[in-house]
S.K.: 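Below: one structure in structure tokens.
Numbers restart at 1 for each chain; the letters A, B, ... are given by sequence-line order, proteins then strands.
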Protein chains: 2
Amino acid sequence: MKRHALIFGLVGGLLIATLQYTEYRFVVIEHSVELYGALVAILFASFGIWLGLRITRGRETIRETVVIREVPVAAEAFAPNVAQQQSLGITARELEILTLIARGFSNREIATQLFVSENTVKTHCARAFDKLGAARRTQAVQRGKELGLLP
Amino acid sequence: MKRHALIFGLVGGLLIATLQYTEYRFVVIEHSVELYGALVAILFASFGIWLGLRITRGRETIRETVVIREVPVAAEAFAPNVAQQQSLGITARELEILTLIARGFSNREIATQLFVSENTVKTHCARAFDKLGAARRTQAVQRGKELGLLP
DNA sequence: CGCAAAATCATCCGAAAGGATGACGACAAC
DNA sequence: GTTGTCGTCATCCTTTCGGATGATTTTGCG
């Protein structure tokens, strides 16, 4: 995707350059601004369409990938990454709440399971999210898995 | 498809009209042609991109090359469980939103990425959650992984 | 063409989640 | 005995989610 942005910028710059060069012959012909603008518009519109098509072509390619028959692999025992946990300063309780979040429980359900108040759960959540740099619980779960904190 | 052309023409015409009208204040300011052109270029480029995306939207689903290849699951290879997806009646778009949810994006972020409104995302969410029997997005993600719909 | 399935967008409303902040007790370490 | 960490709980407020529902548009297909 970054490649597209690059191409975009390049073509844009080139066009601007061409603009400045060709401007002199255009100032001679009065009332050519509309024509000029229309030309640029058409050019860039086509370019945009091309870009759009190109972007989505990538999406199609992904969908065309072969269907792979899944062979269930033995789920290895999960070893929580204690190093990561400690380096982030995540406490055991916070991790406990994180795993329950990952299992899809709501704050209330977690509170019930752990015999604490919902407020407490929210506090742990907030602290854990902060340490993980997450803004949402789904994001926290994603980060947690990345860091090997969650199975 | 004709509708797009119509919109295109309309916007184009409007722009040209605006051009003629605003030309007078532009001729006063010299050397503003490049700026002017750049503006039009950006506008039409964005429009073109949008159009391109729109035209090719939804084409991803048609192709489904069913080449069954047995692979001893080498960690990264993820094969979306098409059978499960279809038996649950989950559409491609819904699954797409689900994967973005699993990555920790908010509805708003998803809407931005997919060029749709937040309301649309919420609708897809609601349908997907219903089909998965989930009440929360975290639960939906958990279910999705269980069923082999998500990596 | 006409139909059905998807996809899109909207509005209203209540519930859930998140941010900020303060407070209190338990317990270990210095 | 002071200090620091952890777990607990609370309040206030904002944002985000989710449910219900209806409408329109696109698209695929017979």
S.K.: Show me the side-chain donor-acceptor pairs of residues 109-121 of chain A shorter than 3.5 Å, one per line, residues at least two apart or across chains.
M.R.:
unit_1: A:Glu109; atom_1: OE1; unit_2: A:Ser106; atom_2: N; d: 2.9
unit_1: A:Glu109; atom_1: OE1; unit_2: B:Arg136; atom_2: NH2; d: 3.1
unit_1: A:Glu109; atom_1: OE2; unit_2: B:Arg136; atom_2: NH2; d: 3.2
unit_1: A:Thr112; atom_1: OG1; unit_2: A:Arg108; atom_2: O; d: 3.0
unit_1: A:Ser117; atom_1: OG; unit_2: A:Asn119; atom_2: N; d: 3.2
unit_1: A:Ser117; atom_1: OG; unit_2: A:Thr120; atom_2: N; d: 3.2
unit_1: A:Ser117; atom_1: OG; unit_2: A:Thr120; atom_2: OG1; d: 3.2
unit_1: A:Glu118; atom_1: OE1; unit_2: A:Arg108; atom_2: NE; d: 3.2

S.K.: In whole angstrom, what separates A:Ile101's CD1 from D:dT16's P?
M.R.: 18 Å
S.K.: Between the side-chain atoms of B:Arg127 and the base atoms of D:dT21, is any donor-acceptor pair under 3.5 Å?
M.R.: no
S.K.: Which ones in residues 128-145 of chain A lie close to DNA chain D, meaning a heavy atom under 4.0 Å from one of its atoms?
M.R.: A:Arg136
S.K.: For DNA chain C, whose closest nucleotide is more 5', that of B:Lys122 or that of B:Ile97?
M.R.: B:Ile97
S.K.: Which residues within residues 105-118 of chain A lie with some heavy atom under 4.0 Å of an atom in DNA chain C?
M.R.: A:Ser106, A:Asn107, A:Arg108
S.K.: Within the 4.5 Å heavy-atom criterion, are B:Ile101 and B:Phe129 side-chain neighbours or not?
M.R.: yes
S.K.: Applying side-chain contact (heavy atoms from CB on, under 4.5 Å), can you list everything that pairs with A:Glu146, at least two apart in sequence or on another chain?
M.R.: A:Gln142, A:Arg143
S.K.: Just the rounded figure in Å: distance from C1' of D:dT5 to CD1 of A:Ile90.
M.R.: 16 Å
S.K.: Are any side-chain N or O atoms of A:Lys131 and backbone N or O atoms of A:Ile90, one a donor and one an acceptor, separated by less than 3.5 Å?
M.R.: no
S.K.: So, OP1 or OP2 of D:dC9: does either fall under 4.0 Å of a side-chain N or O from A:Thr120?
M.R.: yes
S.K.: Run the side-chain hydrogen bond (donor to acceptor under 3.5 Å, both in side chains) test against B:Arg127 and tell me which residues pass, sequence neighbours left out.
M.R.: none
S.K.: Whether the side chain of A:Gln86 engages the backbone of A:Val82 through a donor-acceptor N/O pair (distance < 3.5 Å, no angle test) should be reported.
M.R.: no
S.K.: Counting only side-chain nitrogens and oxygens, does A:Arg93 get under 4.0 Å of the OP1 or OP2 atom of D:dT8?
M.R.: yes
S.K.: Can you measure A:His124 atom NE2 to C:dG18 atom C1' for me and round it to whole angstrom units?
M.R.: 16 Å
S.K.: Is any side-chain heavy atom of B:Leu149 less than 4.5 Å from a side-chain heavy atom of B:Thr99?
M.R.: no
S.K.: Between P on D:dG18 and CG on B:Leu98, what's the gap in Å once rounded to a whole number?
M.R.: 11 Å
S.K.: Mind calculating the distance between CG (A:Leu88) and P (D:dC6) to the nearest angstrom?
M.R.: 13 Å
S.K.: What is the distance from atom CG of B:Leu100 to atom CZ of B:Arg137, rounded to the nearest 0.5 Å?
M.R.: 10.0 Å
S.K.: Is A:Thr91 near enough to D:dT5 that one of its side-chain N or O atoms lies under 4.0 angstrom from OP1 or OP2?
M.R.: no
S.K.: Who passes side-chain contact (heavy atoms from CB on, under 4.5 Å) against A:Ala128, sequence neighbours left out?
M.R.: A:Glu94, A:Leu98
S.K.: How many Å lie between CD on B:Glu94 and C1' on C:dA7, as a whole number?
M.R.: 10 Å
S.K.: Would you say a side-chain N or O of B:Asn119 is under 4.0 Å from OP1 or OP2 of C:dC9?
M.R.: no
